[in-house]
Amino acid sequence: MKINKYTLLLAGGLMAGAATGYLFTCNQSPVYPKVNDIRKAVEKNEAAFNKRIAAVHTEENKAALNLAATKSKLEQTTSQKQELYKTLKEVVVSNVADTFIAVVNESDSLFRQVIHQQDTLLNIKDTLIAVHQSAYASLRASFDQSWQQQEALLHIDKQLTKDLKKQRRKTKLVAVSSLIVTGLMAGYLISR
């Protein structure tokens, strides 16, 4: 049985075409998010965090002003109470005056409780702010470290991509040269 030279040439061409097609379509490089997109997202989150801290500071300042106003009212009430004690002792019967003094002392103790509660709330807010700032500093340090690691990985990826392109070129050259050699051999065999 004799092999037709065109059939042999056709089979060699199909094999070479399939090998070349495979080499051009394999090992495509992956797509990574852009560094600028990540930086923009980080800046946006950082601005929101700073805005929340500013709002907490504003609330703390309002609470401090309320506390100062309450303390001044307490001092004013105390001075008014002392003036009323003097006038009550002179005008009213001692029994009525004692009852009034007990009521004033009770309201005075209530004011002191309110002041103590406001001081406690301010201390809690200060502690929360310190905890949030500490957590933010830790998160920022972790982010900076991961950022540096990502930059290093991107550099390594670029180097590996270059190496892969070089390897592809070499493989294509080998495929083309083997195609030429196969063609030459087929031509030689056909001409014999």
Side-chain angles (χ1 to χ4, degrees), residues 26-165:
C26 68
N27 295 329
Q28 294 180 359
S29 61
V31 178
Y32 296 104
K34 294 182 180 179
V35 174
N36 288 335
D37 293 340
I38 295 172
R39 284 186 187 186
K40 286 179 184 177
V42 168
E43 289 171 358
K44 181 180 176 183
N45 289 337
E46 189 173 310
F49 182 74
N50 288 336
K51 189 175 183 179
R52 282 190 278 163
I53 287 178
V56 170
H57 282 298
T58 304
E59 288 181 24
E60 182 181 3
N61 290 339
K62 286 181 184 178
L65 289 175
N66 287 340
L67 179 62
T70 306
K71 284 183 180 179
S72 69
K73 285 181 183 178
L74 177 62
E75 291 173 4
Q76 185 180 15
T77 304
T78 304
S79 65
Q80 288 175 356
K81 179 178 76 171
Q82 289 174 353
E83 290 177 15
L84 284 175
Y85 283 161
K86 288 179 185 177
T87 57
L88 279 176
K89 284 183 182 179
E90 296 171 359
V91 176
V92 181
V93 181
S94 79
N95 201 6
V96 174
D98 289 339
T99 305
F100 181 75
I101 289 171
V103 168
V104 170
N105 285 337
E106 185 177 333
S107 67
D108 189 30
S109 69
L110 290 175
F111 270 124
R112 291 186 193 282
Q113 287 176 357
V114 167
I115 289 173
H116 177 68
Q117 288 174 351
Q118 287 180 348
D119 282 337
T120 304
L121 286 175
L122 284 176
N123 289 338
I124 290 171
K125 282 186 178 181
D126 289 341
T127 304
L128 283 175
I129 288 172
V131 167
H132 285 298
Q133 287 175 343
S134 171
Y136 174 75
S138 173
L139 182 63
R140 182 65 186 196
S142 296
F143 176 76
D144 288 342
Q145 181 182 6
S146 68
W147 188 264
Q148 290 170 356
Q149 290 174 351
Q150 183 177 2
E151 298 243 339
L153 285 175
L154 285 174
H155 177 71
I156 290 170
D157 182 50
K158 285 179 183 178
Q159 185 62 39
L160 289 175
T161 303
K162 286 179 184 178
D163 292 344
L164 181 63
K165 285 180 181 179

How long is the span from the [atom1] atom in [X] to the [atom2] atom in [Y], to the nearest 0.5 Å?
| X | Y | atom1 | atom2 | result |
| --- | --- | --- | --- | --- |
| N66 | N61 | CG | CG | 11.0 Å |
| I156 | D163 | CD1 | CG | 11.5 Å |
| Q149 | L154 | CD | CG | 12.0 Å |
| E59 | I129 | CD | CD1 | 9.0 Å |
| L122 | T127 | CG | OG1 | 10.5 Å |

Taking salt bridge (Lys or Arg N to Asp or Glu O under 4.0 Å) as the test, write out the residues that go with K40, two or more places apart. none

Residue set satisfying salt bridge (Lys or Arg N to Asp or Glu O under 4.0 Å) with E60, at least two apart, ordered chain then number -> none

Can you list every pair that meets side-chain hydrogen bond (donor to acceptor under 3.5 Å, both in side chains) and has a residue in residues 113-125, with sequence neighbours left out? none

Of I115, V114, L110, D108, the residue whose pairing with R112 passes side chain to side chain contact (heavy atoms under 4.5 Å, CB included): D108

Between side-chain atoms of residues 131-145 and protein atoms elsewhere (two or more places apart, or another chain), which donor-acceptor pairs fall under 3.5 Å?
residue, atom, partner, partner atom, Å
Y136, OH, E46, OE1, 3.3
R140, NH1, E46, OE1, 2.4
S142, OG, S138, O, 3.2

Taking distance alone, no hydrogens or angles, what donor-acceptor pairs closer than 3.5 Å link side-chain atoms of residues 71-82 to residues at least two apart or in another chain?
residue, atom, partner, partner atom, Å
S72, OG, A69, O, 2.8
T77, OG1, K73, O, 2.6
T78, OG1, L74, O, 2.7
S79, OG, Q76, O, 2.8

Can you run down the ring-ring contact (aromatic ring centres under 6.0 Å, His included) pairs that involve residues 51-77, sequence neighbours left out, and say none if there aren't any? none

